[in-house]
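Structure first, commentary second.
Only a predicted model underlies this, so the values are computations on that prediction, with no experimental measurement involved. So that the names make sense, note that chain A is the first sequence line, chain B the second, and so on, each numbered from 1.
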2 protein chains.
Amino acid sequence: MLDNTDIFIIDELSRNSRITMKELGEKVHLTGPATAARVAKLEDSGVIEGYTIKVNQVKMGYSVHAIIHIFTKSTNHQPYLSFIKKQAQYVINNYKVSGESCYMLECKFPSNEIVDAFLTDLSNYVSYKLSIVINKE
Amino acid sequence: MLDNTDIFIIDELSRNSRITMKELGEKVHLTGPATAARVAKLEDSGVIEGYTIKVNQVKMGYSVHAIIHIFTKSTNHQPYLSFIKKQAQYVINNYKVSGESCYMLECKFPSNEIVDAFLTDLSNYVSYKLSIVINKE
DNA sequence: CTAACTCCTTTCATAAATAAAGTAAAACGG
DNA sequence: CCGTTTTACTTTATTTATGAAAGGAGTTAG
């Protein structure tokens, strides 16, 4: 399905998705059109889901990075899911997980005051345990 | 620092980082060169850290998505950090966190057999609790 | 053996990026 | 308050990349 050239292309686009097809082609020893065709195939097959940017969240004003373990009280998760949908500006990921907790909610916040307000609201729906990301090593 | 146009540009590039500067310019009511200058400034200031792609990890052969809570036994974390550096192909993120655990290790694996082998090695360095991501809602 | 398919290259028309020059408005200093 | 500088933009022109089309080599199936 995926050969070494495809892997190389994916690796290179992960590092810089705005590279030109011509330049990417030089790295994989193909012409521009051949490379563009490879990339189009990777898009069509769903291997490449999209093109995006890495944003510095601190410079965007989000200085607090939190991981919140969610323990749902009731069997109906919908109120919780509706709540975090409304709070999308703070939510990075909401993973449903096996293990001790039900969900692992990854969030970004501008300040501890906002964290406080968020958690106060959150506690209407679920129990939680809070972890703060200190560093990404 | 960042005006509404910058926010719009970041938002648009997050959705599609391969958009042309001309087309992006039309969305924010600027010419191509003016838009390119804005983007260059966002890069220089570090708000935009890079351009990347979203990859379907299942189609890349990584069907298991795990979150591993790490509890270091010893005060010296270096053996653990060296270990995960060697296992980079499986590691998505390694967050140092406050709260109950010391690190939260996010990984991808091709199979449960590989998870098993990874955890067996991991247990030489730290204690852990394993969560498996069932869904990303 | 041949037809169909895949994957590539080459060529060429079109479109975008980039560099340079010029303009207008805002900010700054005397 | 006025002249200067800076900033942010547009316009123009050149360079460069994209994308479509045609064609060729290697592979596979009938």
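The side chain of A:K41 contributes an N or O atom lying less than 4.0 Å from OP1 or OP2 of C:dC7.
Side chains of B:Y62 and B:Q89 form a contact here, defined as non-hydrogen atoms less than 4.5 Å apart. In this structure the side chain of A:M60 reaches within 4.5 angstrom of the side chain of B:I10, judged on heavy atoms. No side-chain heavy atom of B:I92 sits under 4.5 Å from any side-chain heavy atom of B:Q57. Looking only at side-chain heavy atoms (C-beta outward), A:I67 and A:M104 come within less than 4.5 Å of each other. Residues A:E100 and B:S131 fail the side-chain proximity criterion, which asks for heavy atoms closer than 4.5 Å. Side-chain contact check for A:D6 versus A:R38: some heavy-atom pair is nearer than 4.5 Å.
The only option from B:V55, B:T52, B:I53 that meets the side chain to side chain contact (heavy atoms under 4.5 Å, CB included) definition with A:L13 turns out to be B:I53.
Along DNA chain D, the stretch of nucleotides lying under 4.0 Å from any heavy atom of chain A spans, 5' to 3', D:dA17 to D:dA20.
Among pairs with a residue in residues 83-113 of chain A, those fulfilling ring pair (Phe, Tyr, Trp, His ring centres under 6.0 Å) read A:H77-A:Y103, A:Y80-A:Y103, A:F83-A:F118, A:F83-A:Y125, A:Y90-A:F109, A:Y95-B:H65, A:F109-A:F118, at least two apart in sequence or across chains.
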Between N or O atoms, less than 3.5 Å apart, protein on one side and nucleotides 17-26 of chain C on the other: list the pairs.
unit_1: C:dA17; atom_1: OP1; unit_2: B:M21; atom_2: N; d: 2.9
unit_1: C:dA17; atom_1: OP2; unit_2: B:M21; atom_2: N; d: 3.2
unit_1: C:dA17; atom_1: OP2; unit_2: B:K22; atom_2: N; d: 3.1

